Asker: 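Got a structure for you, questions after.
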Amino acid sequence: MLQRIQTVYLGISAIAMGALPFVFSLWTTSEKKEVFFTSSLLYIVLFVLSAVLAVFSIINFKKRQHQFVLNRLNMIFNFILLGFFVYRSLNLSGETLVSEKGIGMFLPAISIVLLVLANKAIKKDEDLVKSVDRLR
C-alpha cells in the first residue's frame with residue numbers, strides 16, 4: 001500500500017534527488033560563481049537516474065523484494081555520485097583553499113540514509129508477511 005512509511009522515505013529521497021539539486025548548488029568557485037548539477041552530463045544522469053529509481057520503487061509497492069533490490073541499486077548510484085563529488089573536491093588544483101562546498105554535494109548522502117531507512121521498513125513488512133503465512 002502507498003501509505004507505508006517506506007513510501008514516505010522514498011518520496012523524500014526522490015524529492016532530494018529530483019528537485020533539490022535545482023535549488024542548492026554543488027559548490028562555489030573562487031570567482032564566486034555557483035556550480036549546479038547541470039554543469040556536467042554525468043551529474044545530470046546520476047541525479048535523474050536516482051530520482052527515477054526512487055519513484056519507480058514507490059510504484060512497485062506490491063513487490064517488496066523487487067522494491068528492496070531497486071533501493072540497493074539506487075544506493076549504489078548515490079555512492080558513485082558521492083564518490084565523484086569527493087574526487088572532484090579533492091583534485092582541484094589550488095581550488096581547495098578558496099572554493100566552498102555547497103549543500104548539493106550532501107544530497108546523495110541524505111538520499112542514502114533515506115534509502116537505508118526505507119529498506120529497513122520493507123524488510124520489516126516482509127518479515128511480518130512471512131510470520132502471518134506461518135500461522136495459516
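Only a predicted model underlies this, so the values are computations on that prediction, with no experimental measurement involved.
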Asker: Please report the C-alpha distance between Arg4 and Asp125 in whole Å, then the side-chain angles of each, then the deciding distance to 0.1 Å, and finally whether the salt bridge (Lys or Arg N to Asp or Glu O under 4.0 Å) criterion is met.
Answerer: CA-CA 9 Å; Arg4 298 183 302 179; Asp125 279 356; 3.2 Å; yes
Asker: I'd like to know if Ile103 and Met17 are part of one continuous hydrophobic network [Ile/Leu/Val/Met/Phe/Trp/Tyr, side-chain heavy atoms within less than 4.5 Å].
Answerer: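 Met17 and Ile103: one cluster.
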Asker: Do Met75 and Val55 share a hydrophobic cluster (ILVMFWY, side-chain heavy atoms under 4.5 Å, transitive)?
Answerer: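 No, separate clusters.
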Asker: Going only through I, L, V, M, F, W and Y residues with side-chain contacts under 4.5 Å, is there a path from Ile59 to Leu115?
Answerer: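 Shared cluster, no.
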Asker: Between Leu73 and Val69, does a side-chain contact (heavy atoms from CB on, under 4.5 Å) hold up when you go through it step by step?
Answerer: CA-CA 6 Å; Leu73 183 65; Val69 170; 5.6 Å; no
Asker: What are the two closest heavy atoms between Leu20 and Ala16, and how far apart are they?
Answerer: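 Here Leu20 and Ala16 meet closest at CB-O, 3.6 Å.
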Asker: Do Ile15 and Leu49 sit in the same hydrophobic cluster, where Ile, Leu, Val, Met, Phe, Trp and Tyr count as joined when their side-chain heavy atoms come under 4.5 Å apart?
Answerer: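 No.
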Asker: Taking only residues two or more places apart in sequence, or in another chain, which ones meet Phe85 in a side chain to side chain contact (heavy atoms under 4.5 Å, CB included)?
Answerer: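 Residues passing side chain to side chain contact (heavy atoms under 4.5 Å, CB included) with Phe85: Leu26, Trp27, Tyr43, Phe47, Leu81, Met105, Pro108.
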Asker: Which value, rounded to the nearest 0.5 Å, describes the distance between Arg72 atom CZ and Phe77 atom CZ?
Answerer: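 Output value for this atom pair is 15.0 Å.
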Asker: So, taking the atom named CD1 in Ile112 and the one named CG in Leu117, what distance separates them when rounded to the nearest 0.5 Å?
Answerer: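 If I round to the nearest 0.5 Å, the distance is 12.0 Å.
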Asker: Within this structure, what is the OH-OG distance for the pair Tyr9 and Ser111, rounded to the nearest 0.5 Å?
Answerer: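 It comes to 14.0 Å.
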Asker: Same cluster or not: are Ile76 and Leu114 linked, directly or through other Ile, Leu, Val, Met, Phe, Trp or Tyr residues, by side-chain heavy atoms under 4.5 angstrom apart?
Answerer: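 Yes, Ile76 and Leu114 fall within the same hydrophobic cluster.
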Asker: Does the pair Phe36 and Phe24 meet the rule for a ring-ring contact (aromatic ring centres under 6.0 Å, His included), with working shown?
Answerer: CA-CA 7 Å; Phe36 288 90; Phe24 299 115; 9.3 Å; no
Asker: Checking Leu46 against Phe37 for the side-chain contact (heavy atoms from CB on, under 4.5 Å) test, could you report, in this order, the C-alpha distance in whole Å, the side-chain angles of both residues, the deciding distance, and whether it holds?
Answerer: CA-CA 10 Å; Leu46 287 173; Phe37 79 105; over 6 Å; no
Asker: Output, in order, the C-alpha distance, side-chain angles, deciding distance and verdict of side-chain contact (heavy atoms from CB on, under 4.5 Å) for Arg64 and Val129.
Answerer: CA-CA 10 Å; Arg64 285 178 299 278; Val129 168; 3.5 Å; yes
Asker: Considering only Ile, Leu, Val, Met, Phe, Trp and Tyr, and joining two whenever side-chain heavy atoms are under 4.5 Å apart, list the other residues clustered with Phe68.
Answerer: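 Besides Phe68, the hydrophobic cluster comprises Ile122, listed by chain and residue number.
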Asker: Quick one: ring pair (Phe, Tyr, Trp, His ring centres under 6.0 Å) partners of Phe106, sequence neighbours excluded?
Answerer: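 Phe106 satisfies ring pair (Phe, Tyr, Trp, His ring centres under 6.0 Å) with no residue once adjacent residues are dropped.
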Asker: So, Asn119 and Gln67: side-chain donor and acceptor under 3.5 Å apart, yes or no?
Answerer: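 Judged by distance alone, the side chains do not pair up.
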Asker: Just so I know, are the side chains of Leu53 and Ser50 near enough to count as touching, which here means a heavy-atom distance under 4.5 Å?
Answerer: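 Leu53 does not reach Ser50 side chain to side chain.
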Asker: Hey, does Leu70 have a side-chain heavy atom less than 4.5 Å from the side chain of His66?
Answerer: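 Contact flag for His66/Leu70 side chains = yes.
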Asker: Closest heavy-atom contact between Ala118 and Asn71?
Answerer: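 Nearest pair, atom of Ala118 first, then Asn71: CB-ND2, 4.1 Å.
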Asker: Write down the atom of Leu10, the atom of Ser57, and the distance for their closest heavy-atom approach.
Answerer: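 Closest approach of Leu10 to Ser57, heavy atoms only: CD1-OG, 3.5 Å.
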Asker: Looking at every non-hydrogen atom in both residues, tell me the closest pair between Gly18 and Pro21 and how far apart they are.
Answerer: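 For Gly18 and Pro21, the tightest heavy-atom pair comes out as C-CD, 4.0 Å.
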Asker: Between the main-chain N or O of Asn74 and the side-chain N or O of Asn78, is there a donor-acceptor pair closer than 3.5 Å?
Answerer: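 Yes, Asn78 side chain to Asn74 backbone: donor-acceptor pair under 3.5 Å.
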Asker: Quick check: does any side chain N or O of Glu34 sit under 3.5 Å from a backbone N or O of Ser25, one acting as donor and the other as acceptor?
Answerer: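 No; zero donor-acceptor contacts below 3.5 Å.
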Asker: Hey, could you give me the NZ/CD distance between Lys123 and Glu126, rounded to the nearest 0.5 Å?
Answerer: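 It is 7.5 Å, given to the nearest 0.5 Å.
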